[in-house]
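Each residue takes its place number in the sequence, starting with 1. One-based numbering, in listed order, for ligands and for the atoms of each. The analysis underlying the following values was restricted to heavy atoms, covering all of them including side chains, and did not include hydrogens, waters or symmetry mates.
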Amino acid sequence: MQEALIGLELTSPTPRLDAEVLVMHACKFDRSDLITHNEMALNGEQQQQLDKLLNRRKHGEPVAYLTGAREFWSMELNVTPATLIPRTETELLVEKALEPIQRDATWTIADLGTGSGAIALALAKERPRCRVIATDISTAALDIAKTNAKILGLTHVEFRTGDWFAAVAGETLDIIVSNPPYVRADDVHLQQVDVRFEPAIALVSGNDGLDAIRHLAENAQKFLRPNGWLMFEHGWDQAGVIDELLQRLGYRDIVSHRDLAGHIRVTACHR
Ligand code: GLN
């Protein structure tokens, strides 16, 4: 393990955890194997596989792309470079979206820009009688989301390719949720090693980062039933502008929510 750590410190804020996860992946170990095999030498094939992974990690490739998986809402999700890597913060959006939906509700839910399917699948898991529509403009992303749904046995999710509302034409929705791209095109954070590997289309949204959010806000009312909900994630410094935008468009009961780090990351409102 000590050996595996060398070099990771330079690029990763979590070198030990990364090394453990990559050793487990390369050697097909589980956590208990990792402890008992700690002093044991790896066989040639394991070592070769591990070296390859460590090398890619040292160049900044996110661990989730190296292992092809990330946990979200206690579900193991497949991820590829076609999808954003689900973030823990996004579980806040799932939590808030679940609040108005009764356990046995039969609502129609749309997750626009679903990526790996994280939000749609979490909602489908928690609300088995709802109909969930998961959309994405990227067929490669949607293929991953479909695979995830299949593995998790979530059969009440429909997948549709299309740009935002084009994928839900003709639908009347009870709630629209989204983790749209919201990073400003010139944000220095996009140069960070890990983020560079993620799809720009899932991260960046115009000069002020608000193009996708404006599009969602300006069009959602046409697809929501009266009193239907719009809820989405946004950047920590965007709540003020978003509140003004939603007010101007006539949304009601606009509320923003803080994540565990204290950042306002989710805004919800009613048609
Ligand atoms: N939270 C992500 C990041 O900081 C951005 C996700 C998004 O744009 N939806 O990289």
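- Atoms of ligand 1 lying under 4.0 Å from any heavy atom of P181, numbered from 1 in the order shown and given with element: 8 (O).
- The distance from atom CG of L77 to atom CG of L121, rounded to the nearest 0.5 Å, is 6.5 Å.
- If you number the atoms of ligand 1 from 1 as listed, the ones under 4.0 Å from a heavy atom of R265 come out as 1 (N).
- Heavy-atom separations between H234 and ligand 1 are all 4.0 Å or longer.
- Ring pair F165/F223: centre-to-centre distance below 6.0 Å.
- Short contacts between ligand 1 and A202, defined as distances under 4.0 Å to a heavy atom of the residue, involve ligand atoms 7 (C), 8 (O), 9 (N).
- Judged by a 6.0 Å distance limit and a 45° cone about the ring axis, R225 is positioned over the six-membered ring of W107.
- For atom 4 (O) of ligand 1, the closest non-hydrogen atom of the protein is H189 NE2, 3.1 Å.
- Annotation for ligand 1: atoms under 4.0 Å from non-hydrogen atoms of P180 are 7 (C), 8 (O), 9 (N).
- Remark: side-chain polar atoms of H270 are not paired, donor with acceptor, to backbone N or O of I254 under 3.5 angstrom.
- Taking all atoms of both residues into account, the shortest heavy-atom contact from P81 to P199 is O-CD, 3.5 Å.
- The protein heavy-atom contact nearest to atom 1 (N) of ligand 1 is Y182 OH, 3.1 Å.
- The closest approach between a heavy atom of G235 and any atom of ligand 1 is not below 4.0 Å.
- Atom 2 (C) of ligand 1 has as its closest protein heavy atom R87 NH2, 3.6 Å.
- Only one option out of E95, E91, E126 pairs with W73 in a side-chain hydrogen bond (donor to acceptor under 3.5 Å, both in side chains); it is E126.
- When side chains are defined from C-beta on, L190 does not count as touching R196, because their heavy atoms never get closer than 4.5 Å.
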